[in-house]
Amino acid sequence: MVTKIEKGQVKKMALTKKPVNGMKDILPQEMQIRDYVMNVVKENYRKFGFTPIETPCVEHIENLCSKQGGENEKLIFKILKRGERLNVPAAQSEEEVTDSGLRYDLTLPLSRYYANNSANLPTPFKALQIGSVWRADRPQKGRFRQFVQCDIDILGEPSNLAEIELILATTTTLGKLGFSDFKVRINERRILKAMAAYAGFEEAQFDLVFIILDKMDKIGLDGVAEELVANGFTNESVEKYLELFKGIEESDRPIAYLSEELGDCLEKEAAESLQEIMDSVGATVDTNFKIVFDPTLVRGMSYYTGTIFEIEMAEFGSSVAGGGRYDKMIGKFTGQDTPACGFSIGFERIITILMDQGFKVPDDNKKIAFLVEKGMTSERLCEIIKEAQQERARGNQVLVVRMNKNKKFQKEKLTGEGYEEFKDFYKEALKH
C-alpha cells in the first residue's frame, strides 16, 4: 500500500498486524483447548437430545433493534447496505444506509429461525447452536467484542421440564470439563415483579428497581435502600421491599415464605414451579454443584418472562453461564406466542479459566515428530512418509518436518507443542 506525499514521491505504509481492539488471534495451544471443549459440549448436549443448527451471523437491523436485547442493542455492529460501494451523502440518516448488523447473541436469531422453519421442526424442538457473536463492548478479561456462545434451547415446551433439562444438560457438561462445586442461582421474573408490586412500586418503575437490585452483591442491602430512596421511591415502599429479603434470608423455605407473604401479588403456579425445578435438579445423583434460590438475580435481557438462572464459579468470580424462559419472543415474528427456554455457556470464560489453570487436553495417542534432513533421496523420503502413515493409522499424531540447523531449539519448541517422541531421519540411515 502506498500513499502520495508530494509530486513524484511515495511512502510505503505498513499494514496493521495487531487484531482489532477487543478481538484476538488464537494461537495453536488455545485452539487445541477450544476444539476439545467444543467437542465435549457437542457430545454431551447431543446425549440430552439437542440438535445442532446454524443461523447467519448477520441479522436484519429491525430484528436486532426490537427492544428485546437490553443494553446489547446499544452495542450492535451495524452494516452499510452496499458495503464499500455505498456513497453516503451527508444528509442521509443512519437508518437510511443501514439494513443489517452482526448478531449480538444467538437467542434472537434462533427465534427468527424457528418462526421461519417451525413447520419442518419437531415439537418440542431442542436446539444446539454454537457460534460467534459481536458486541461493541469495552474489552476486558474474559470479555471480547467477538466471542463464541454455546446455546441450548427448548422451544414449544410450556412446562418446567424444559428448565430441568437445560440445567441438568449444562451442569453435566461442565462436570465433564472438570468443573465442580459451582453454584446454580435461580429466580423467577414473576416473583421479582410480585415482590416489587407488593412493596407498592408502580409497574412502570419495575425496570429501575431491578437495575438497582442487581447491584446487591456489590453495595449490599443498605446500599440498595439508599439508591432506591435517591431515585425518588418512598421510604415506606423501600422498607417494605427490603423486609422481604430479610425474611427470605431468615427462612429455611424461602419460596414458600414468599408465596405466603406475597399473597395475591404472586401466581401460586410460579412459586410451585420454581420449587419443583429446584427439588428435581437437587435430587439428581452425583451432583457436583448446588442449586440455590436467589431473589436478587435479575439478568439484563428484557425478553425473559419466567424462570431465570446463572452459574457462578469461584475460579472466575462471576457467572459463566446464564439463561431463562422467553415465551414472548417468537410471537414477535409470528403473532402467536411459543414457549421457549434457553441456557448459554460463556465459552470464552470457560476457556479463560482452563488456560489460567494450565489445562492440558487429555489424549491417549502419542504426538510424534519426524525430523527429516534436507538432501534425502526420493526413495528414502517415500519410506519415511510410509512409516508416518502407518503411525497415523495406529491413531498417533505425526508431524513430518524438515530438520533445522539448531535441532535442539527445534525440539524444545515442538516439546512445548506437546510432541513427546522424536525420530531423526538423516540422509544415510535412521537413527533413534
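- Rounded to the nearest 0.5 Å, atoms CE (M38) and SG (C150) are 5.5 Å apart.
- The CZ atom of R349 lies 12.5 Å from the CD1 atom of I311; values are rounded to the nearest 0.5 Å.
- When E391, K366, E421 are each tested for a side-chain hydrogen bond (donor to acceptor under 3.5 Å, both in side chains) with N396, only one passes: E391.
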| Between F125 and S118, is a side chain to side chain contact (heavy atoms under 4.5 Å, CB included) present by the stated rule, with each step listed? | CA-CA 9 Å; F125 179 54; S118 58; over 6 Å; no
| request: Run the numbers on D327 and D337 for side chain to side chain contact (heavy atoms under 4.5 Å, CB included), then give the verdict. | output: CA-CA 6 Å; D327 290 345; D337 289 343; 5.7 Å; no
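- Nearest approach of S132 to V148, heavy atoms of both residues: OG-CG2, 3.9 Å.
- Between I277 atom CD1 and E188 atom CD the span is 7.5 Å, to the nearest 0.5 Å.
- At a cut-off of 3.5 Å, with distance as the only test, a side-chain donor of N160 or S273 sits close to an acceptor on the other residue.
- Of the possible polar contacts, one joining the E73 side chain to the K67 backbone as a donor-acceptor pair under 3.5 Å is found.
- Considering all non-hydrogen atoms of both residues, E54 and Y113 come closest at O-CE1, 4.0 Å.
- Look at E59 and R103 and you find no salt bridge, because none of the NZ, NE, NH1 or NH2 atoms lies under 4.0 Å from a carboxylate O.
- Across I345, V41, N44, a single residue satisfies side chain to side chain contact (heavy atoms under 4.5 Å, CB included) together with T170, and that is I345.
- For the residue pair G101 and I61, the shortest heavy atom distance occurs at N-CD1, 4.4 Å.
- Contact annotation: the side chain of K246 approaches that of L221 to within less than 4.5 Å [non-hydrogen atoms, C-beta and beyond].
- Ring centroid separation for the pair Y36 and F359 comes in under the 6.0 Å cut-off.
- Closest approach of L242 and A225 over heavy atoms only: CD1-CB, 3.2 Å.
- To the nearest 0.5 Å, atoms CZ (F210) and CE (M195) are separated by 9.0 Å.
- A salt bridge links E348 to R34: at least one charged side-chain nitrogen sits closer than 4.0 Å to a carboxylate oxygen.
- A donor-acceptor pair under 3.5 Å is formed between the side chain of R145 and the backbone N or O of D137.
- In Q336, the CD atom is not crowded: 12 or fewer heavy atoms of neighbouring residues, nucleotides or ligands sit closer than 6.0 Å.
- Contact check on E269 versus R190 returns a salt bridge, with a Lys/Arg side-chain nitrogen under 4.0 Å from an Asp/Glu carboxylate oxygen.
- Across every non-hydrogen atom of I154 and F50, the tightest pair is CG1-CE2, 3.8 Å.
- Heavy-atom neighbours of E420 CD from other residues, nucleotides or ligands within 6.0 Å: above the threshold of 12.
- For the side chain to side chain contact (heavy atoms under 4.5 Å, CB included) with V58, the lone residue among L64, D99, L102 that qualifies is L102.
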| message | For F333 and L108: C-alpha separation, side-chain torsions, deciding distance, then whether side chain to side chain contact (heavy atoms under 4.5 Å, CB included) applies. | response | CA-CA 10 Å; F333 294 93; L108 183 72; 4.1 Å; yes
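- Atom NZ of K367 sits in a crowded spot, with more than 12 heavy atoms from other residues, nucleotides or ligands closer than 6.0 Å.
- Using modelled atom types, one finds no donor on one side chain facing an acceptor on the other under 3.5 Å when comparing R112 with T55.
- Counting non-hydrogen atoms of neighbouring residues, nucleotides and ligands closer than 6.0 angstrom, the CD atom of E249 reaches no more than 12 such neighbours.
- Counting non-hydrogen atoms of other residues, nucleotides and ligands closer than 6.0 Å to CD of E260 gives a total of 12 or fewer.
- Other residues, nucleotides and ligands place more than 12 heavy atoms under 6.0 Å from the CZ atom of R392.
- Inter-residue side-chain proximity for M313 and I350 is flagged as met; some heavy-atom pair is nearer than 4.5 Å.
- When side chains are defined from C-beta on, Q410 counts as touching V401, because their heavy atoms get closer than 4.5 Å.
- Heavy atoms from other residues, nucleotides or ligands lying under 6.0 Å from NZ of K332 number 12 at most.
- Residues S111 and Y303 fail the side-chain proximity criterion, which asks for heavy atoms closer than 4.5 Å.
- T173 contributes a side-chain N or O that, together with a main-chain N or O of A169, makes up a donor-acceptor pair within less than 3.5 Å.
- For Q29, the CD atom sits in a loose shell: 12 or fewer heavy atoms of surrounding residues, nucleotides or ligands are nearer than 6.0 Å.
- Interatomic distance, N117 CG to I53 CD1, rounded to the nearest 0.5 Å: 8.5 Å.
- Remark: of the listed residues Y198, F201, F206, F201 is the sole one forming a ring pair (Phe, Tyr, Trp, His ring centres under 6.0 Å) with Y241.
- Side-chain N or O atoms of E30 include none that pairs as donor or acceptor with a backbone N or O of L27 at under 3.5 Å.
- No side-chain donor-acceptor contact under 3.5 Å links R135 to the backbone of F144.
- Judged purely by atom type and a 3.5 angstrom limit, K268 uses its side chain to pair as donor or acceptor with the backbone of S259.
- In this structure, K126 and E165 have side chains that are in contact, with non-hydrogen atoms separated by less than 4.5 Å.
- Between F182 and N288, the closest side-chain pair of non-hydrogen atoms falls below 4.5 Å.
- Of the options L274, L297, V292, V281, a side chain to side chain contact (heavy atoms under 4.5 Å, CB included) to I186 is made by L274 and by none of the others.
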| said: Between Q146 and V20, is the side chain to side chain contact (heavy atoms under 4.5 Å, CB included) condition met? List the steps. | reply: CA-CA 10 Å; Q146 177 183 341; V20 173; over 6 Å; no
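- Side-chain polar atoms of D279 and Q275 form a donor-acceptor pair below 3.5 angstrom.
- K183 has its side chain out of reach of D294: every pair of non-hydrogen atoms, C-beta onward, lies at least 4.5 Å apart.
- Two residues are said to be in side-chain contact when any heavy atoms from C-beta on lie closer than 4.5 Å; V361 and D35 fail this criterion.
- With respect to E43 and K176, no salt bridge is recorded, no charged nitrogen being found less than 4.0 Å from a carboxylate O.
- Taking CD1 of I212 as the reference point, atom CD of E226 lies at 11.5 Å (rounded to 0.5 Å).
- Using a 4.0 Å cut-off between a side-chain N of Lys or Arg and a carboxylate O of Asp or Glu, E243 and K240 do not qualify as a salt bridge.
- In terms of modelled atom types and a separation under 3.5 Å, the side chain of S251 and the main chain of R253 share a donor-acceptor contact.
- Nearest approach of G156 to T338, heavy atoms of both residues: N-CG2, 4.0 Å.
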